[in-house]
There are 2 protein chains.
Amino acid sequence: MGGAAVTRPDRRITLIDVARAAGVSRQTVSNAINAPDLLRPDTLTHVRAVISRLGYQPDRGARSLRTRQSRLIGYCVPPPDPDRLGWVLDEFLHSVADAARGADYHLVVFTPESASGELDTYATMLQTGCADGFLLTDIARHDRRPGWLQRRGVPFVSYGRLSPRVGKAWVDVDGASGVAKAVDHLTGLGHRRIAFLGWPEGHRLGDDRAGGWRSAMAAHGLDAGDREYTEDTISAAARAADRLLDLPDRPTAVIAASDSMAVGTYHAARNRGLAPGRDLSVVGFDDTPSAALVTPALTTVSQPLRDAARLLVEMLVARLAGEPLKRRAVLLDPVLVVRDSTVSPPG
Amino acid sequence: MGGAAVTRPDRRITLIDVARAAGVSRQTVSNAINAPDLLRPDTLTHVRAVISRLGYQPDRGARSLRTRQSRLIGYCVPPPDPDRLGWVLDEFLHSVADAARGADYHLVVFTPESASGELDTYATMLQTGCADGFLLTDIARHDRRPGWLQRRGVPFVSYGRLSPRVGKAWVDVDGASGVAKAVDHLTGLGHRRIAFLGWPEGHRLGDDRAGGWRSAMAAHGLDAGDREYTEDTISAAARAADRLLDLPDRPTAVIAASDSMAVGTYHAARNRGLAPGRDLSVVGFDDTPSAALVTPALTTVSQPLRDAARLLVEMLVARLAGEPLKRRAVLLDPVLVVRDSTVSPPG
DNA sequence: GCGTCCAGCACGCACAGCACC
DNA sequence: TGGTGCTGTGCGTGCTGGACG
């Protein structure tokens, strides 16, 4: 019998223990937690004192069985891609987990069972009571998840805008505004030929950012002719940036739709003997951890991740509680972080 | 009444439904899932067929209430530090979540309630049945978590070695071997003066990596005199690298104990007009996503994250099941990823 | 007695409805 | 009466002990 009882630290404290110690019934203790306004103030104070004295914590299993809720938020982590800059998962996750705890929720991360059956995984998570609602990120062009969840009435929120047809609760960064800030910054430095390197048209995020560039250029009376669209990888961006630098009247600055593409632009510039941050100004988007580390340190548009996380959790929790949303679609204004990759145009 | 019943997609399928459909008792269905060897083969086949036909999934809440287990693995995400390179959280989390699902576990990420009361958070997670065991990373010098968990008999595993006193189940990267590979690589290029930039002594990881450098240098008949120890941030590393480059007979290569410190070395070199990857070779450790992006692309020691994650989950699941561990402490051999920051010494 | 399978109970909680002042 | 607090019940499982052949 030498083995320690690993799974049983000590007997759990239950509602009944608290009730006995406080001299009230189970239900009164339950109400003290879930419906405090049903108790007389002095009873409430007394029960609460006993609760904290005994260190009582409601059991999730039992509560979940009774209420049919897990108080768990599901988040399917996107698979890492070596040719894309690491996402800002670190800070985002931290912020989300923090906000969730504030609402007495927890965050469950999971991966799809198979590439094809991602939706099945969401179904399983729901059926087994492993999540009450979901947090979505990296919404793709024809993403099936929002519509699927919407049809089933499953609460979810998205970091990334949604078409009204498939969902109403989302938070996103105002890409147009972010890129416009980059244009303002560059014109302030004296640039007139500012190119844009974006994603293929039809991508919501990409179109948003490209639109911001176009209108900001127009606002400054500049021509928005120099642009290339390509997929969001370093290597593809380098090829696209090459085409921009091949233009007869070469741009003096490039705004990229992501940090990955900005790094690709660095490569293209160096390949023809141009020094980014001296001969060519470059602006990125996302402020990934790498942005501050590359040489020259990258000027980039930073997403307000903490605010986004807080809002997303707030919205999801409201949906889970069946409450109406105060704000359904929130566009956050990003900040331009100026580093060393943007300087006055040469000459 | 127009509002849809958001929380109730449709009535759940329970053990009883399956039992009725299969013409057996609840318990037999339960056994088909948890103790298949108690059933006659034909009964088992039949029941299993009905289970998959109805798409039955055991309810986590009920199961958790009965078994006193959540089938949840807790992971406290370390707070992001802007002056340190983003951790490799992305890939690690993905791998862990993947491995956990294979064992019918899920991963709950959480943050400490307060900086001081991290242990309280672990206690709460346990008490509320929000985790059965924990995954630890970033073990600090005098980390209180392993001992605390150990004393309470809480199952946990650590990514990062543990002193036998506070825990026996861990997986770690063989830092000494990784650094030795870096030394071999550099001597192969013709370097003789290879400095080491590490963490203050007493840090297990740091000592491990420093030891690898010392013994590899000795094996090559080289002097292991050039070393600096400092904290793991870019700025501190830059100052320490400065001191190395101030040495009368300047090293031609620097091996840093982390990618952050390698980037700090880049800065220090450039400040005195030395080009890393030409005048000075630099090797990092960790292969963070930024390593491939900095200029020159950083040669670095890569952690086998997938293997680590798989092993960690395997060990934790075994501990949770009360089974003996096949392997308690596993040292994984890292791989040197050669990029552009290491070249033959100048001259 | 052995191999299968089944009925009753308890896990800890929250809801409905009743009792009290 | 209305504000408070209490008792009975069931959520879906898995364990214990018993029944059947």
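Just so it is clear, the values below take in all heavy atoms, side chains as well, and ignore hydrogens, waters and symmetry mates. Convention: sequence-line order gives letters A, B, ...; per-chain numbering from 1.
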Salt bridge or not between [X] and [Y]? Use side-chain N to carboxylate O under 4.0 Å.
X	Y	value
B:Arg68	A:Asp59	yes
A:Arg319	A:Asp132	no
A:Arg101	B:Glu113	no
A:Arg71	A:Asp104	yes

What is the separation between atom [atom1] on [X] and atom [atom2] on [N], rounded to the nearest whole Å?
X	N	atom1	atom2	value
B:Leu15	C:dG8	CG	P	17 Å
B:Ile16	D:dG10	CD1	C1'	11 Å
B:Arg20	C:dC5	CZ	P	20 Å
A:Arg66	D:dC11	CZ	C1'	6 Å

(Q) Please give me every residue in residues 46-63 of chain B whose heavy atoms get under 4.0 Å of an atom in DNA chain C, ordered by residue number. (A) none
Q) Taking only N and O in the side chain of A:Thr14, is any of them less than 4.0 Å away from OP1 or OP2 of C:dG12? A) no
Q: Mark yes or no for a side-chain to base donor-acceptor pair under 3.5 Å between A:Arg26 and D:dG8, with no hydrogen or angle criteria applied.
A: yes
Q: Please work out which residues in residues 27-44 of chain B have a non-hydrogen atom less than 4.0 Å from an atom of DNA chain D and list them by number.
A: B:Gln27, B:Ser30, B:Asn34
**Q.** the helix from C:dC2-D:dG21 to C:dC21-D:dG2: angle between end helix axes, five pairs per end, rounded to 10 degrees
**A.** 60°
Q: With A:Phe134 as reference, evaluate A:Phe156, A:Tyr122, A:Tyr75 under the ring-ring contact (aromatic ring centres under 6.0 Å, His included) test and give the passing residue.
A: A:Tyr122
Q: Mind checking A:Leu65 for me? I need base, sugar-phosphate or nothing, with any heavy atom below 4.0 Å counting as a touch.
A: base
Q.
Test your reading of the model: is there a side-chain donor-acceptor pair from B:Thr137 to the backbone of B:Tyr159, 3.5 Å cut-off?
A. no
Q. Please, which pairs that meet side-chain hydrogen bond (donor to acceptor under 3.5 Å, both in side chains) have at least one residue in residues 161-170 of chain B, sequence neighbours excluded?
A. B:Arg161-B:Asp172, B:Arg161-B:Asp208
Check: residues 44-53 of chain A side-chain donor-acceptor pairs under 3.5 Å, at least two apart:
| from | atom 1 | to | atom 2 | distance (Å) |
| --- | --- | --- | --- | --- |
| A:Thr45 | OG1 | A:Pro41 | O | 2.7 |
| A:His46 | NE2 | A:Ala22 | O | 3.0 |
| A:Ser52 | OG | A:Ala49 | O | 3.2 |

**Q.** Contacts of type salt bridge (Lys or Arg N to Asp or Glu O under 4.0 Å), residue B:Arg306, not counting sequence neighbours
**A.** B:Glu91
Q) Do B:Thr121 and B:Thr124 have side-chain N/O donor and acceptor atoms under 3.5 Å apart? A) no
Q. Cut-off 3.5 Å, side chains only: do A:Tyr56 and A:Thr14 have a donor facing an acceptor?
A. no
